[in-house]
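Starting from 1, each residue takes its place in the sequence as its number.
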Amino acid sequence: RRSSDLIDLAGIPQKTIHVPAGRPIELAIPIIGRPPPVASWFFSGSKLREVERVKIETTNRVAKLTIRETTIHDTGEYTLELKNTSGTATEAIQVIILDKPGPPTGPIRIDEIEATSVTISWDPPEIDGGATISGYVVEQRDAHRPGWLPVSESVTRTTFKYSRLRSEE
């Protein structure tokens, strides 16, 4: 038998699922095999074990994995492996946890300074929250006042030119 005969991923288009952070990963995969196969789950290549937030169940027809209280660190490749005397079958599923992205990677670089403008740049966050970064908020702080104020809330690239500087007289 081919592995596609043993593990049915028809219910998971593109072999990818998106889960909001905090919500559980719930994979219930139909399986077929004679004799009934032994199912194992792997995350990024390491075998998963049942712990407080990880539950693994297998019946003759379904291999089930539930992971509660998800965080961005649960994003990755989950592999179901079935073994019996006829052989081994594996299928991988990408799980993407959707959360707010991490902070931009610093430090901020000052690329150009002119009399009334400054151009800054930075690196994108290491953790993108499971989606493409759609924009950044750039804030400024007056040296003589507390608190930060937004300068632009729709910066789409990792560089910004602020052109309303005023020189101290």
Side-chain angles (χ1 to χ4, degrees), residues 1-109 120-139 150-160:
R1 282 183 176 266
R2 297 188 323 278
S3 65
S4 59
D5 294 337
L6 300 172
I7 302 173
D8 179 5
L9 292 185
I12 304 176
Q14 283 91 47
K15 298 184 184 181
T16 300
I17 66 164
H18 295 82
V19 177
R23 305 288 314 145
I25 296 169
E26 295 175 307
L27 297 172
I29 310 298
I31 59 173
I32 300 166
R34 282 183 195 201
V38 174
S40 302
W41 286 95
F42 296 82
F43 173 62
S44 298
S46 299
K47 187 170 182 175
L48 283 172
R49 310 225 174 273
E50 283 215 32
V51 289
E52 196 174 311
R53 60 183 206 104
V54 177
K55 189 174 183 193
I56 297 167
E57 299 171 89
T58 309
T59 67
N60 285 346
R61 295 206 172 107
V62 178
K64 208 169 166 188
L65 172 68
T66 306
I67 301 177
R68 295 183 297 109
E69 297 154 28
T70 56
T71 71
I72 198 82
H73 303 290
D74 294 313
T75 291
E77 187 176 81
Y78 289 78
T79 303
L80 171 58
E81 177 188 83
L82 300 181
K83 277 187 176 176
N84 65 15
T85 51
S86 305
T88 303
T90 60
E91 283 284 359
I93 298 152
Q94 277 303 124
V95 174
I96 298 169
I97 304 297
L98 301 171
D99 200 357
K100 59 182 187 282
T105 311
I108 290 177
R109 295 179 295 278
I120 60 170
S121 62
W122 57 91
D123 292 318
E126 289 176 12
I127 295 172
D128 65 9
T132 306
I133 302 289
S134 57
Y136 297 90
V137 175
V138 176
E139 297 176 326
V151 172
S152 176
E153 298 192 7
S154 58
V155 178
T156 55
R157 298 182 324 163
T158 56
T159 184
F160 181 74

Shortest non-hydrogen contact from [X] toward [Y]:
X     : Y     : result
Pro37 : Ile32 : CG-O, 4.5 Å
Pro35 : Asn84 : O-ND2, 2.8 Å
Ile29 : Asp8  : CG2-O, 3.7 Å

Listing request: all ring pair (Phe, Tyr, Trp, His ring centres under 6.0 Å) pairs with a residue in residues 80-102, at least two apart in sequence or in separate chains.
none
Could you pull out all residues at least two apart from Val155 that satisfy side-chain contact (heavy atoms from CB on, under 4.5 Å)?
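For Val155 the side-chain contact (heavy atoms from CB on, under 4.5 Å) partners, ignoring immediate neighbours, are Trp122, Tyr136, Val138, Ser152, Phe160.
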With sequence neighbours left out, write down each residue that passes side-chain contact (heavy atoms from CB on, under 4.5 Å) with Glu153, or none if nothing qualifies.
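side-chain contact (heavy atoms from CB on, under 4.5 Å) list for Glu153, sorted by chain: Val137, Pro150.
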What pairs of donor and acceptor atoms, side-chain ones from residues 42-51 against any protein atom, are under 3.5 angstrom apart with sequence neighbours left out?
unit_1: Glu50; atom_1: OE2; unit_2: Ile56; atom_2: N; d: 3.2

Listing request: all salt bridge (charged side-chain N to carboxylate O under 4.0 Å, His left out) pairs with a residue in residues 69-80, at least two apart in sequence or in separate chains.
Arg53-Asp74
Would you compute the distance between atom [atom1] of [X] and atom [atom2] of [Y] and round it to the nearest 0.5 angstrom?
X     : Y      : atom1 : atom2 : result
Ile72 : Glu126 : CD1   : CD    : 12.5 Å
Ile25 : Arg68  : CD1   : CZ    : 12.5 Å
Leu65 : Ile67  : CG    : CD1   : 4.5 Å
Thr90 : Ile7   : OG1   : CD1   : 6.5 Å
Ile97 : Thr70  : CD1   : OG1   : 4.0 Å
Leu27 : Ile12  : CG    : CD1   : 5.5 Å

Non-hydrogen side-chain atoms of Thr58 and Ile31 separated by less than 4.5 Å
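Yes. Closest side-chain heavy atoms under 4.5 Å.
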If you look only at distance, which donor and acceptor atoms sit under 3.5 Å apart when one is on a side chain in residues 15-23 and the other is two or more places apart or in another chain?
unit_1: Lys15; atom_1: NZ; unit_2: Glu91; atom_2: OE1; d: 2.9
unit_1: Thr16; atom_1: OG1; unit_2: Gln14; atom_2: O; d: 2.9

Show every donor-acceptor pair shorter than 3.5 Å between a side-chain atom in residues 100-109 and any protein atom, with sequence neighbours excluded, or say none if there are none.
unit_1: Thr105; atom_1: OG1; unit_2: Pro124; atom_2: O; d: 2.6
unit_1: Arg109; atom_1: NE; unit_2: Ser121; atom_2: OG; d: 3.3
unit_1: Arg109; atom_1: NH1; unit_2: Asp123; atom_2: OD2; d: 3.3
unit_1: Arg109; atom_1: NH2; unit_2: Asp123; atom_2: OD1; d: 3.4

Using distance only, find each side-chain donor-acceptor pair of residues 127-135 under 3.5 Å and give its atom names and separation, not counting sequence neighbours.
unit_1: Asp128; atom_1: OD1; unit_2: Gly130; atom_2: N; d: 2.7

